[in-house]
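Read the numbers this way: they start at 1 and go in the same order the structure lists the ligands and their atoms. Side-chain atoms are counted along with the backbone in the values below, which use heavy atoms only and exclude waters and symmetry mates. All of these numbers come straight from a predicted model, not from anything done at the bench.
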Amino acid sequence: MKPLKVALLGCGVVGSQVIRLMHEQAGDLAARVGAPLELAGVAVRRLGRKRDVDVDPALLTTDAEALVTRDDVDIVIEVIGGIEPARSLIVSALSRGKSVVTANKALLAADGATLHEAARTGRGDLYFEASVAGAIPLLRPLRESLAGDHVKRVLGIVNGTTNYILDKMDSTGASFTDALEEAQTLGYAEADPTADVEGFDAAAKAAILAGLAFHSRVRAEEVHREGITDITATDVASAKAMGYVIKLLAICARSDDGRSFGVRVHPAMIPRSHPLAGVREAYNAVFVEAESAGQLMFYGKGAGGAPTASAVLGDLVAVGRNRLAGTRGPEESTYADLAVHPMGDTVTRCHVALDVADKPGVLARVAELFAKHDVSIQTVRQEGHGDDAQLVIVTHRATDAALTATMEGLRELDIVRAVASVMRVEGDE
Ligand SMILES: NC(=O)c1ccc[n+]([C@@H]2O[C@H](COP(=O)([O-])OP(=O)(O)OC[C@H]3O[C@@H](n4cnc5c(N)ncnc54)[C@H](OP(=O)(O)O)[C@@H]3O)[C@@H](O)[C@H]2O)c1
């Protein structure tokens, strides 16, 4: 059988594991695809760099464009990352009718439309399972298995670095800075952790998930994003005392009328009894709620060379089979064309801790302010007395705009010395 020729762009953490697995599992992969998979070339930035895998030096090139446009190449795997040159290379390959497998969430979330359009006109496949939650099969279930259902909500932990940091803060009482330092020492966080701790990485994944779940096009810039850098050991301890744990969540949820959806990434308190609360260390987990299927949970390793390469190889087998059968996988589905609603319209709940003067009438004035903004209070608790008095309030569901206006009002009340912490509450409605 004529082999399918594969061009690999990038030979770093993921690319080197793709080469290893293609080599070690060559026989099984050939049997599953129906033809051998042959590495046609490997594009890198630095030819002389030491690699984590043995690569035939004759396959290495710095001319990625020449590699993807070679007539004999059938499939291109892009694991370079970033926007350019990845976008131009993928478009070059797709417009020549080749199939592409990519793990590049940043590019898909910034400009997925260009890639999908190139796949449509070139009549090749564009598969990207590894771009969200690494090894966890999540995009294919959304794209295919749930194609007959109506997804209402996707709620998940999609960034292992921040989950590791928050988990350490929760289990050891460490500060954000100390937990980040530990994550960096252990290789869970990059030297520049901005993309993870400020929520950019999770926001790109949320955009991809929302697009698939709601059959609409979503760009990263439409995702409401808050990171975890302001979370203190006190926030974590206070959540713990109330039976909650703080997680960085990606949440994509249809509005009640089904005409729009919200997509957001922010830290939130979830009850310790929620399945996502048990997701420890650098693991990822995503909870999907669909009308007929009900609640589904996907859990596993969200990053790392081998786990991510597993997802890449799964896609490689799928696009290989499609090529041999002369068919294609599903195209981008954006027919619903729902709008992303602003964060202010999102319905959520809030936990707020107020440093207040311990004197008669304080509670009444605080309650009056909540009522003014139509935010109803679920629980209120006073901790300490005198100068140390703190009111801890958990609200019922309200729009984020009403909650934000309430917090602003509280900051202006003379009886409130400080709004010590504000955190959204999810997962127990
Ligand atoms: N690492 C993970 O756990 C993980 C998980 C899920 C998704 N992903 C995604 O997978 C992709 C790759 O991540 P990674 O961690 O493997 O990155 P990486 O270790 O930094 O590797 C990037 C590779 O791309 C090569 N490269 C960079 N610029 C290039 C250019 N202009 N032309 C040709 N080659 C170029 C580099 O060459 P040199 O080796 O010569 O420098 C390197 O081999 C990213 O999109 C990332 O978001 C990664």
TODO: Quick one: list whatever passes ring-ring contact (aromatic ring centres under 6.0 Å, His included) with His224, sequence neighbours left out.
DONE: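 His224 satisfies ring-ring contact (aromatic ring centres under 6.0 Å, His included) with no other residue.
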
Task: Sorted by chain and number, the residues that approach ligand 1 to under 4.0 Å with a heavy atom - done: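 Contacting ligand 1 under 4.0 Å are Gly10, Cys11, Gly12, Val13, Val14, Ala43, Val44, Arg45, Arg46, Arg49, Arg51, Val79, Ile80, Gly81, Pro85, Ala103, Asn104, Lys105, Ala130, Ala303, Gly304, Thr308.
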
Open item on the list: Whether Asp72 and Lys5 form a salt bridge (side-chain N of Lys/Arg under 4.0 Å from carboxylate O of Asp/Glu) is what I want to check.
Closed with: yes

TODO: Find out whether Met242 and Val394 are in side-chain contact, i.e. whether some heavy atom of one side chain is under 4.5 Å from a heavy atom of the other.
DONE: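 Yes. Closest side-chain heavy atoms under 4.5 Å.
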
TODO: Please collect all salt bridge (Lys or Arg N to Asp or Glu O under 4.0 Å) contacts where either partner lies in residues 279-288, sequence neighbours excluded, each pair once.
DONE: Asp167-Arg280, Lys168-Glu281

Task: Tyr283 and Tyr299 aromatic ring geometry - parallel, tilted or perpendicular at 30°/60° bounds - done: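 Tyr299 and Tyr283: parallel rings.
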
- [ ] Any ring pair (Phe, Tyr, Trp, His ring centres under 6.0 Å) involving residues 156-176? Give me the pairs, sequence neighbours left out, ordered by first then second residue.
- [x]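 Listed once each, the pairs are Tyr164-Tyr188.
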
